[in-house]
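A short worksheet on the structure shown next.
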Amino acid sequence: MHDWVEKLLILQDNDVRIRKLQAQLDSVPADKKATLKAIQDAELICADAKAKVKDVQKAIKNLELEVESANQKLQNFQAKSSMIKDNSEYRAAMTQIDGAKATIAQLEEKELVLMEELEQAKAGVAVKQKEVAASQQRGHEMLADLDVRAANCAKQLEVFKAKRAKAVEGVPSQYLRLYDRLRNGKRVPADGRVLVPVHNKMCGACHMGVTAQIINDARKGQSAICQNCGVILYYED
């Protein structure tokens, strides 16, 4: 293996590590945002459950007022009926009383249904409150871990950046310029490696076949660029 290839491979290994660390560091804000959103979503669901309880309580209160009003009407009808002497008027009064009693019975039945619904809603709130507490605890732990990750990545980045400054020494300028241009370009392979070997007459990055001339250039230690993906190719003895 040619000397410049060995030196550039060392530099590339270092740069790949820097790339990964930087990606981890850059992902911290988004990860924090997602964690906070998960906590907020749990809190919103719990708030909705509490709102449901209030709605049911309000409905029960309204029914109680209706029952109270219906009972007052019933009492009025009963009081008036005691003073009626005419049979037809008395029968009409009895019809009003029966209607008032039926209304009260219907309202009380609705109230019982709402009371059951209220108990279920309160139970739902208790469940959601536990879920919120768990989400908050889990979220705070994740946020703390993200802070640790960020601090560790920042420290390691400084170390590898210092190593890079030494690794560039001794790399011929023409190869270093080509390497830097490719690794900062738009067609960088997913693993960040722009210096790859030729394997079985194929590029080690895109795995497409390369020409015999490119293979010969790589074997001689000359600049050999993959005609398919544009990476630098070297030949392994």
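The analysis underlying the following values was restricted to heavy atoms, covering all of them including side chains, and did not include hydrogens, waters or symmetry mates.
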V132 to C46 - nearest heavy-atom pair and separation: CG2-CB, 3.6 Å
L195 side chain near V231 side chain, heavy-atom distance below 4.5 Å: no
Reported CG-to-NZ distance for the pair L114 and K58, which is rounded to 0.5 angstrom: 13.5 Å
Any side-chain donor near an acceptor of the partner, N152 and Q156, under 3.5 Å: no
Atom CD of Q136: over 12 foreign heavy atoms under 6.0 Å: yes
E6 and L9, any side-chain heavy atoms less than 4.5 Å apart: no
Separation of Q227 CD from I214 CD1 (nearest 0.5 Å): 4.0 Å
Full working for side-chain contact (heavy atoms from CB on, under 4.5 Å) between Q129 and K50: CA-CA 10 Å; Q129 286 177 328; K50 290 180 179 179; 3.5 Å; yes
No-hydrogen, no-angle side-chain donor-acceptor test under 3.5 Å, N62 and E66: no
OG-CD distance between S135 and Q40, expressed to the nearest 0.5 angstrom: 10.0 Å
Minimum side-chain heavy-atom gap S27-R149 below 4.5 Å: yes
pair V194-R187: side-chain heavy atoms closer than 4.5 Å: no
Taking every non-hydrogen atom, the tightest pair across D217 and A224: CB-CB, 4.1 Å
Cluster link V16 to I18, ILVMFWY, side chain under 4.5 Å: no
Heavy-atom side-chain proximity of E64 to I60 below 4.5 angstrom: yes
Test item: side-chain donor near acceptor, R17 and N14, under 3.5 Å: no
E109, CD atom: more than 12 neighbouring heavy atoms under 6.0 Å: no
Heavy atoms of other groups near N200 CG, more than 12 under 6.0 Å: no
T35 side chain vs D31 backbone, donor-acceptor pair below 3.5 Å: yes
Rounded distance (nearest 0.5 Å) linking atom CG of L36 with atom CG of D41: 11.0 Å
Intermediate values then yes/no, side-chain contact (heavy atoms from CB on, under 4.5 Å), N76 and Q72: CA-CA 6 Å; N76 291 337; Q72 185 61 49; 3.4 Å; yes
hydrophobic_cluster_shared for L176 and I10, side chain cutoff 4.5 Å: no
Verify same cluster id: Y234, L178 (apolar side-chain graph, 4.5 Å): yes
Intermediate values then yes/no, side chain to side chain donor-acceptor pair (under 3.5 Å), N71 and Q75: CA-CA 6 Å; N71 275 316; Q75 291 174 9; 5.8 Å; no
Distance-minimising heavy-atom pair for V196 and A205: CG2-N, 3.8 Å
K32 side chain reached by V28 side chain, heavy atoms, under 4.5 Å: yes
Nearest heavy-atom neighbours spanning G139 and I39: CA-CD1, 3.8 Å
Inter-residue atom distance M94.CE - N87.CG, 0.5 Å rounding: 11.5 Å
Minimum side-chain heavy-atom gap D15-Y179 below 4.5 Å: yes
Cluster check V5, L182: I/L/V/M/F/W/Y, side chain < 4.5 angstrom: yes
Distance in Å, E117 CD paired with D55 CG, rounded so as to fall on 0.5 Å steps: 9.5 Å
L74 vs I97, side-chain contact (heavy atoms from CB on, under 4.5 Å): CA-CA, chis, key distance, verdict: CA-CA 6 Å; L74 175 61; I97 291 173; 3.5 Å; yes
Min side-chain heavy-atom separation R181-R177 under 4.5 Å: no
hydrophobic_cluster_shared for M202 and V210, side chain cutoff 4.5 Å: no
Geometric cation-pi criterion, K80 with F77: 6.0 Å, 45°: no
Salt bridge (Lys or Arg N to Asp or Glu O under 4.0 Å) against E131, all qualifying residues, sequence neighbours excluded: K128
Shortest non-hydrogen contact from F160 toward L21: CD1-CD1, 3.7 Å
N-O pairing of D191 and R19 below 4.0 Å: no
Electrostatic pair R193-D13, nearest N-O below 4.0 angstrom: yes
Atom of N228, atom of M208 and distance for their closest heavy-atom approach: ND2-CB, 3.2 Å
